[in-house]
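This report refers to the structure that appears directly beneath it.
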Protein chains: 2
Amino acid sequence: MGNVGRWQPDSRGRLQEAALVLFAERGFDQTTAAEIAARAGLTERTFFRHFADKREVLFGGSDLLKDRIVSGVSGAPASDGPLDAVARGLDAAAAMLGQFRRDLSRKRQAVISANPELRERELAKIADYAAAVAAVLRDRDVGEPQATIAAEAGMTLLRVALERWGSAYDDRDLTTTMRDTITELRAVAVAVDG
Amino acid sequence: MGNVGRWQPDSRGRLQEAALVLFAERGFDQTTAAEIAARAGLTERTFFRHFADKREVLFGGSDLLKDRIVSGVSGAPASDGPLDAVARGLDAAAAMLGQFRRDLSRKRQAVISANPELRERELAKIADYAAAVAAVLRDRDVGEPQATIAAEAGMTLLRVALERWGSAYDDRDLTTTMRDTITELRAVAVAVDG
DNA sequence: GAGAGTGATGTCTGCAACTGTCATCACAGC
DNA sequence: GCTGTGATGACAGTTGCAGACATCACTCTC
């Protein structure tokens, strides 16, 4: 497994690191895949062996996060309503994401926010989570359209909470922000008068 | 304005039509911009003058729809709560989208659903609506994070409702489906027990 | 009504994002 | 030592897209 000898180890990680640095310095558009690869001591072709496209280099742990969310939801007690179950998934997400250094998260988020193509990709990733969560809810005998609605609304909250957390105005725990965001949705959904 | 003489009229429309046909026939990836242009009696370069990139050709009326939604929200009575106001925007969207021939909508939606890049773009468009709606809500003195949450949740509902409406299992009015979807969200948000 | 825009188009050129294919070479197992 | 395997490099090719410039019907102006 670990290619310890012929090549430098962890090509993938080096590419991710190099990409983040270069994107932050010059911007996504002004950085070519070849430049990232060169900075990591590799070739362009190797870059595209590790990442399906240039954007993916910023979304490395995405599948892992999805698994955590799905586990969180499927592990919710049967007595939980759909949105409660989704909230467990969000807790799991917060626990995982909260362990990264906040400045790095912010840097990454800043790069993504600065570029439309990257924002697109982020939305697509989260939509993928939503589909997976909806499937889990259906396994828990939540019907349609409730399953889809709860899952999509929940992933929307993940996005909003992450944005709040990443902003300069929110220095709370990610878990706290996440839970607060859910509460806000419940309030907004019920409110009838302004 | 109308270039009636030297060139065939409505280049833009012809490109959109040609693209939809070719995408439906061979798929998005297997269709080059040059082929679309040729089918419309134009050149590749002209294609990219009308559309910023290959995907945009499928999202022609997007800005118009955004305007309708925004107008709907800003026209809501002051007594409306945030989600009620957003619901007016969704009604406006339904009114506009419902006037297209349903089979054409389905064809377009099928093309988009079949391709990840196009789904990405669709998500990005809707995220753009959400940002605009949130801004309108803030103008209506809805605070943060309520404005963002209501707007994002609302646009999520737009997406879900459109998908339901496009599916074979829902033959109701788009407005009906849209309203029903909002009701479902309210129910899901309140429910505490499964 | 001739001459100067103007706007939509075509042509030509070039870069960068990917992709397919084949070669290489350290290491692993036999 | 021989052979397989996996990660990489080298090279060539297609396509998405953008800049620069030419064209030419139509319009506006004097």
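Lettering follows sequence order; numbering is per chain, from 1.
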Measure from [atom1] on [X] to [atom2] on [N] and round the result to the nearest Å.
{"X": "B:L15", "N": "C:dA8", "atom1": "CG", "atom2": "C1'", "result": "12 Å"}
{"X": "B:R6", "N": "C:dA8", "atom1": "CZ", "atom2": "P", "result": "12 Å"}
{"X": "B:R12", "N": "C:dG7", "atom1": "CZ", "atom2": "P", "result": "17 Å"}
{"X": "A:I36", "N": "C:dA17", "atom1": "CD1", "atom2": "C1'", "result": "11 Å"}
{"X": "A:F48", "N": "D:dT14", "atom1": "CZ", "atom2": "P", "result": "18 Å"}
{"X": "A:F51", "N": "D:dT8", "atom1": "CZ", "atom2": "P", "result": "11 Å"}
{"X": "B:E117", "N": "C:dC18", "atom1": "CD", "atom2": "P", "result": "9 Å"}
{"X": "B:Q8", "N": "C:dG10", "atom1": "CD", "atom2": "P", "result": "11 Å"}

Tell me whether B:R102 is salt-bridged to B:D171, with the criterion being a basic N under 4.0 Å from an acidic carboxylate O.
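Answer for the salt bridge query: no.
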Using a strict 4.0 Å threshold on nitrogen-to-oxygen distance, state whether A:D84 and A:R186 make a salt bridge.
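Yes, this pair counts.
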Among D:dC17, C:dT19, C:dG10, which nucleotide has an atom closest to any side-chain atom of B:D53?
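Among D:dC17, C:dT19, C:dG10, the one nearest the side chain of B:D53 is D:dC17.
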Reckon B:A34 touches a base, only the sugar-phosphate, or nothing at all at heavy-atom distances under 4.0 Å?
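Nothing: the residue B:A34, judged by heavy atoms under 4.0 Å, touches no strand.
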Using the six-membered ring of A:F59, assess whether NZ or CZ of A:R108 lies under 6.0 Å from its centre and within 45 degrees of the ring axis.
yes
Would you tabulate the pairs of protein nitrogen or oxygen atoms and nucleotide nitrogen or oxygen atoms of nucleotides 11-16 of chain C closer than 3.5 angstrom?
none

Test applied, side chain to side chain contact (heavy atoms under 4.5 Å, CB included); reference residue, A:V136; option that passes from A:I69, A:V142, A:V86, A:V73:
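Option passing the side chain to side chain contact (heavy atoms under 4.5 Å, CB included) with A:V136: A:V73.
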Taking all atoms of both residues into account, what is the closest heavy-atom pair of A:E35 and A:T31, and its distance?
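Heavy atoms of A:E35 and A:T31 come nearest at OE1-CA, 3.4 Å.
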Just by modelled atom types, is the B:H50 backbone N or O under 3.5 Å from a matching donor or acceptor in the B:R12 side chain?
yes
Where the side chain of A:R119 meets the backbone of A:A114, is there a donor-acceptor pair that is under 3.5 Å apart?
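No, because the side chain of A:R119 does not come within donor-acceptor range (under 3.5 Å) of the backbone of A:A114.
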With a 4.0 Å cutoff (strictly under), does any side-chain N or O of A:H50 reach OP1 or OP2 of D:dT8?
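Result: yes.
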